[in-house]
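Heavy-atom basis, side chains included; hydrogens, waters and symmetry copies ignored. Because the structure is predicted, anything quoted here is derived from the model rather than measured.
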Amino acid sequence: TRVRSSAASDVYKRQELYRAKKLSPVEVATETLRRLERYEGALNAFVLYDPDTAMAMARASEARWRQGAPQGLLDGIPVAIKDTQLTRGWPRLLGSRTISPDQEWSEDSPVTAKLRAAGAVFFGKTTTPEFGWKAVTDSPLSGVTRNPWNLERSPGGSSGGSAAALVAGIGPLAVGTDAGGSIRIPASFSGIPGLKPTFGRVPVYPPSAFGDVAHVGPMARTVEDNALMLDAMKGPDSRDWYSLPDDGIAYRDQVRDGSLKGKRVALSPTLGYHEPAPAVREAVERAARVFADLGATVEQADPFSESPFPVFETLALGGFWALLRGMNPEQVALMDPGLVELCRHGEAVTQAQYVDAVVKRVGLGQAVRRFFDRYDLLLSPTMPVTAAYADPRSDDAPNPNNAWKWTTYTYAFNLTKNPSASVPCGFADGLPVGLMVTGPLYDDLGVLQACRAYEEAAGPLWPSAELTAALRKAEGGTGDVKAKIRPAQ
């Protein structure tokens, strides 16, 4: 049985209740922590949680709402912070045992500073593979993170903890990062919308080892809440010299205003180089028909004639090698062996190969920009498969051991810096399928409006009985949730 759930903003609903004094941020924070403890033992979506900080921030928000003076766009709304972001008072460990938690953590990253200024309630940090290096979420520091739809499966990576927390209803918003698909892969595997904004739209600091393919963006349970969260996150920060000036767009107000009528939409089930699983292709083509029903002119067109992976791989290996060069032998011994092996491959990249990849990347960017001279939007699969298995396997099923075989599409738009989102477009074998919606550079609004129009017309479809049953299996679990509580400072 599938039910059409409302695509309206979870955040707006809560804040309307705050305004009417029918709900309190303290009550919401209490429920957030209750759900975290209920599911975390099975999901392992958090590396740290902090009930004391959450309740203090919620009480401060409650006082502001009682005075009729909310602080910002997200006042009283719980937000999960991915553990790639500096957060004042909390360690930033990036899934690694090479970083000591016993430091003075006195600085916020730009994103956490902006969210704090918007009145958000911080309650914990979500898991990531070590230094965000892969498309599933497990690490030497925190172990394996699991998908609420099926605990044998991964929620994807590297923002897998954020995605799992959203699906389990622990909170309505979460921070994601994306250097090769790390927002969109978990969004696809977990059945939520997530946006990789135009490069520079949301400032990044500390800088990523992977340079100017690395983005920070919103993840939420609805497209509308992605738009609202983008409003709170965007804008320049002097610590990120790539960061763009504020575009002046109120995404939260304009996300509902877009019409697909007359839009020129390219459909590319393969992106020109990789055939997805039949069920994935069917779901994406069905979604394209919804776009046509809404008035778009949809035609099949491929933006690429061959895979851009060799370009991405060469540039990424340079970043990986730089990461390893900064480690001493004792630290290397603590790292994920798969990450160490990948980093060592980077040592073999020659200067000529690296420069050639930079030149080819420029050509890719030019080609994609010309492609969007002809089209307003591009529809494609986010992933060629549904959620991979969370644990390594020896067979050919998608799993951590063969991730590069099924991480095939998302990195293309990190190379070209385009805004690119994943929105759920169906299910196959009880697991979500993601539709990737990509737009011209700087047209984050057009991408969000298209996703919102599709979401409104087609769903989101949540098989509630299946999700309820899946979450029931995740209740309790065996993980030591209490061990993740941040000690009082």
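For Asp75 (side chain) and Pro70 (main-chain N/O), no donor-acceptor pair under 3.5 Å exists by modelled atom type. Of the possible donor and acceptor atoms, none in the side chain of Lys196 sits under 3.5 Å from a partner among the backbone N and O of Pro218. Of the possible donor and acceptor atoms, one in the side chain of Thr410 sits under 3.5 Å from a partner among the backbone N and O of Gly180. Listed for the Asn402 side chain is a donor-acceptor partner under 3.5 Å among the backbone atoms of Asn399. The closest donor-acceptor contact from the side chain of Lys234 to the backbone of Leu244 lies at 3.5 Å or more, if one exists at all. In this structure a side-chain-to-backbone donor-acceptor pair under 3.5 Å is present from Gln331 to Thr98. Of the possible polar contacts, none joining the Arg184 side chain to the Ala421 backbone as a donor-acceptor pair under 3.5 Å is found. Remark: the backbone N or O of Thr198 is paired with a side-chain donor or acceptor of Asp444 at under 3.5 angstrom. The backbone N or O of Ser154 sits less than 3.5 Å from a side-chain atom of Asn147, completing a donor-acceptor pair. Looking only at distances, a side-chain donor or acceptor of Ser190 sits under 3.5 Å from a matching main-chain atom of Pro186.
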Checking side chain to side chain donor-acceptor pair (under 3.5 Å) for the pair Asp240/Ser243: CA distance, chi angles, key distance, verdict?
CA-CA 5 Å; Asp240 178 5; Ser243 60; 4.6 Å; no
Could you go through Lys82 and Thr126, starting from their C-alpha distance and side-chain angles, then the distance that decides it, and tell me whether this counts as side chain to side chain donor-acceptor pair (under 3.5 Å)?
CA-CA 5 Å; Lys82 184 178 178 182; Thr126 57; over 6 Å; no
Run Val280 and Val385 through side-chain contact (heavy atoms from CB on, under 4.5 Å) and show every step you take.
CA-CA 7 Å; Val280 171; Val385 296; 5.5 Å; no
Checking side-chain contact (heavy atoms from CB on, under 4.5 Å) for the pair Leu230/Arg201: CA distance, chi angles, key distance, verdict?
CA-CA 9 Å; Leu230 180 61; Arg201 180 74 66 217; 4.2 Å; yes
Please test Ile183 against Leu195 for side-chain contact (heavy atoms from CB on, under 4.5 Å), starting from the C-alpha separation and ending with a verdict.
CA-CA 7 Å; Ile183 288 172; Leu195 171 71; 5.8 Å; no
Test side chain to side chain donor-acceptor pair (under 3.5 Å) on Ser182 and Thr177; report intermediate values, then the result.
CA-CA 6 Å; Ser182 291; Thr177 63; 5.5 Å; no
Between Leu228 and Ile77, does the side-chain contact (heavy atoms from CB on, under 4.5 Å) criterion hold? Intermediate values first, please.
CA-CA 12 Å; Leu228 176 62; Ile77 302 301; over 6 Å; no
For Glu31 and Arg34, run salt bridge (charged side-chain N to carboxylate O under 4.0 Å, His left out): C-alpha distance rounded to whole Å, both residues' side-chain angles, the deciding distance at 0.1 Å, then the answer.
CA-CA 5 Å; Glu31 174 65 8; Arg34 187 189 70 80; 2.7 Å; yes
With side chain to side chain donor-acceptor pair (under 3.5 Å) as the criterion, how do Thr145 and Thr137 come out once you've worked through the C-alpha distance, each side chain's angles and the decisive distance to 0.1 Å?
CA-CA 6 Å; Thr145 299; Thr137 297; 5.4 Å; no
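Here the side chains of Phe309 and Thr408 are not in contact, with every heavy-atom distance at 4.5 Å or above. Put simply, the side chain of Asp50 does not reach to within 4.5 Å of the side chain of Ile485, judged on heavy atoms. In this structure the side chain of Val223 never reaches within 4.5 angstrom of the side chain of Glu456, judged on heavy atoms. Side-chain contact between Pro400 and Arg393: absent, with no pair of heavy atoms (C-beta onward) separated by less than 4.5 Å. Within the 4.5 Å cutoff, side-chain heavy atoms of Ile192 are placed close to those of Val167. Proximity of Val79 to Val121: side-chain heavy atoms (C-beta onward) are nowhere separated by under 4.5 Å. Put simply, the side chain of Arg256 reaches to within 4.5 Å of the side chain of Glu224, judged on heavy atoms. You'll find the side chain of Leu48 stays beyond 4.5 Å of the side chain of Lys484, heavy atoms only.
The existence of a salt bridge linking Glu62 and Arg59 is excluded, since no basic side-chain nitrogen approaches an acidic carboxylate oxygen closer than 4.0 Å. A salt bridge links Lys125 with Asp83: at least one charged nitrogen is closer than 4.0 Å to a carboxylate oxygen. The pair Asp391-Arg146 counts as a salt bridge, with a side-chain nitrogen and a carboxylate oxygen less than 4.0 angstrom apart. Using a 4.0 Å cut-off between charged side-chain N and carboxylate O, Asp212 and Lys417 make a salt bridge. Here Lys482 pairs with Glu37 in a salt bridge; the nearest charged N to carboxylate O distance falls below 4.0 Å. A salt bridge links Glu107 and Arg239; the closest N-O separation between the charged side-chain nitrogens and carboxylate oxygens is under 4.0 Å.
Note that CG of Leu93 and CD of Gln103 are 8.5 Å apart. Values are rounded to the nearest 0.5 Å. Taking CZ of Phe427 as the reference point, atom OG1 of Thr386 lies at 11.0 Å (rounded to 0.5 Å).
When all heavy atoms of Ala232 and Leu115 are compared, the closest pair comes out as CB-CD2, 4.2 Å. Residues Ser109 and Gln85 approach most closely at CB-OE1, 3.5 Å, considering heavy atoms. Of all the heavy atoms in Tyr409 and Met436, the pair that sits closest is CB-CE, 3.9 Å. Contact detail for Pro78 and Thr32: the closest heavy-atom pair is CG-OG1, 3.4 Å. Of all heavy-atom pairs spanning Gly434 and Ser188, the tightest one is N-OG, 3.2 Å.
Each ring-ring contact (aromatic ring centres under 6.0 Å, His included) pair with one or both residues in residues 39-71, not counting sequence neighbours, appears once here: Tyr18-Trp65, Phe46-Phe123. Within the structure, ring-ring contact (aromatic ring centres under 6.0 Å, His included) contacts touching residues 187-244 (residues at least two apart or in different chains) are Phe189-Trp406, Phe199-His215, Phe199-Tyr242, Phe210-Phe320.
Judged by the 6.0 Å distance and 45° axis criteria, Arg153 is positioned over the aromatic ring of Tyr389.
Under the 30°/60° scheme for interplanar angles, the aromatic rings of Phe312 and Trp404 are found to be tilted.
By the 6.0 Å contact criterion, NZ on Lys21 is enclosed, its count of non-hydrogen atoms from other residues, nucleotides or ligands being greater than 12. No more than 12 heavy atoms of other residues, nucleotides or ligands shown are found within 6.0 angstrom of CZ on Arg66. A 6.0 Å sphere centred on CD of Gln254 holds more than 12 heavy atoms belonging to other residues, nucleotides or ligands. Residue Asp395 places its CG atom among more than 12 non-hydrogen atoms of other residues, nucleotides or ligands, all under 6.0 Å distant. Open room surrounds CG on Asp429; 12 or fewer heavy atoms of other groups in view lie less than 6.0 Å from it.
Residues Asn418 and Thr416 bring a donor and an acceptor atom of their side chains to less than 3.5 Å of each other. Ser142 and Ser139 share a side-chain donor-acceptor pair at under 3.5 Å.
Checking Asn226, Asp225, Asp231 one by one against Arg252, the side chain to side chain donor-acceptor pair (under 3.5 Å) holds for a single residue, Asp231.
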Can you give the donor-acceptor pairs under 3.5 Å from side chains of residues 336-343 to other protein atoms, not counting sequence neighbours?
unit_1: Asp336; atom_1: OD1; unit_2: Gly338; atom_2: N; d: 2.9
unit_1: Asp336; atom_1: OD2; unit_2: Trp133; atom_2: NE1; d: 3.4
unit_1: Asp336; atom_1: OD2; unit_2: Lys134; atom_2: NZ; d: 3.4

